[in-house]
2 protein chains.
Amino acid sequence: MNKDYSRAIPRAWQDMAAVFVALGDEHRQRIMLSFEPGERLNVGQIAEVSTLARSTVSHHLKILREAGVLESEKIGKEVYFWVNKSLLREVFSNVADYLEKNA
Amino acid sequence: MNKDYSRAIPRAWQDMAAVFVALGDEHRQRIMLSFEPGERLNVGQIAEVSTLARSTVSHHLKILREAGVLESEKIGKEVYFWVNKSLLREVFSNVADYLEKNA
DNA sequence: TTGATATATCGAAATATTTCGACATGTAAG
DNA sequence: CTTACATGTCGAAATATTTCGATATATCAA
């Protein structure tokens, strides 16, 4: 047993924590699923198909962006979001690796 | 854009939600990391190296077990837990697949 | 410059999660 | 049977998250 409870959590797990929190919420999952392959969507489009208030959608988008699973760019008045596939790929392959080696 | 916000969340994502929630908490991550490869630990052992009260550890173990990432078996007075590697493998490979096909 | 539009942020209320100690349950030992 | 021990569950308090409407900021159009 690894008894060092207070030691630093491995880097791979640290980066994952925010991703796990972000993807562990149903509304945020639905936002992720509203993207078609390679698609960019602005906040208005995402808010329109949601059952939540615009400001709440904005809050969830912030959590997804800060976790790294979405990226965003402001174009004119609008902010476009898209899925950060490469981060997701990396995170999940890191977990898979960690699992094979240490669990 | 996939506008059907109210449609069912894909099975692969549903199963993942609980896993994500479970692994998105620092204390639960630390519990996961205290297992050496293939090891079984009982509640007392896990609680001993934790900074939390025994009943709180019990609560976190329940969440991890219900998410499927830990399995458990009662032997005598003690309940032993171990990491469900095959479930974790499956979940992460499902996400990776979904990602390649739909994102 | 004024007005309209898109988004973000703020503060408060509602809701959910975490945490603890006390108590309940199950199991083995004396 | 009684006691001791391991774990689970309960209820309440502390804390965190979610949610909303109102307001702020930034951008473009008239």
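Naming convention: chains lettered A, B, ... in sequence-line order (proteins, then strands); numbering from 1 in each chain. Only heavy atoms go into these numbers, but all of them, side chains included; no hydrogens, no water, no symmetry mates. For clarity, every value in this text was computed on a predicted model and none was experimentally measured.
Remark: B:His27 is in phosphate contact with C:dT19, judged by side-chain N or O atoms under 4.0 Å from OP1 or OP2. Listed pair B:His60 / C:dT17 fails the phosphate criterion, with no side-chain N or O lying under 4.0 Å from OP1 or OP2. Distances shown here put every side-chain N or O of A:Ser55 at or beyond 4.0 Å from the OP1 or OP2 atom of D:dG21. For the pair A:Arg54 and D:dT19, the criterion of a side-chain N or O lying under 4.0 Å from OP1 or OP2 is not met.
Picking from D:dG8, C:dA22, D:dC20 the nucleotide with the shortest atom distance to the side chain of A:Ala53 gives D:dC20.
Listed for the A:Arg28 side chain is a donor-acceptor partner under 3.5 Å among the backbone atoms of A:Val21. Not one N or O on the side chain of A:Glu100 forms a donor-acceptor pair closer than 3.5 Å with the backbone of A:Asp97. Put simply, the side chain of B:Glu90 never gets that close to the backbone of B:Leu87: no donor and acceptor are under 3.5 Å apart.
We find that CD of A:Glu26 is positioned 15 Å from C1' of D:dT19, with the value rounded to whole Å. Note: CG (A:Leu41) to C1' (C:dA6) measures 15 Å, nearest angstrom. As a whole-Å value, the separation of A:Leu52 CG from D:dT17 P is 17 Å. The CG atom of B:Leu64 sits 12 Å away from the P atom of D:dG8 (whole-angstrom rounding). Distance A:Ile46 CD1 to C:dA8 C1': 14 Å, rounded to the nearest Å. Rounded to an integer number of Å, the gap from CD of A:Glu78 to P of C:dT7 is 5 Å. Nucleotide D:dG21 holds its P atom 15 Å from the NE2 atom of A:His59, rounded to whole Å. Counting to the nearest Å, the P atom of D:dA6 and the CG atom of B:Leu61 are 16 Å from each other.
Atoms OG and CG, from B:Ser86 and B:Asn84 in turn, are 4.5 Å apart once rounded to the nearest 0.5 Å. Taken from CG in A:Leu23 to CZ in B:Phe20, the straight-line distance is 5.0 Å, to the nearest 0.5 Å.
Side chain B:Ser58 to base D:dG8: no donor-acceptor pair is found below 3.5 Å.
Mapping B:Ile63 and B:Gly76 onto DNA chain C via the closest heavy atom, the residue that lands nearer the 5' end is B:Ile63. Comparing A:Thr56 and A:Lys77 against DNA chain D, the residue whose closest nucleotide sits nearer the 5' end is A:Thr56.
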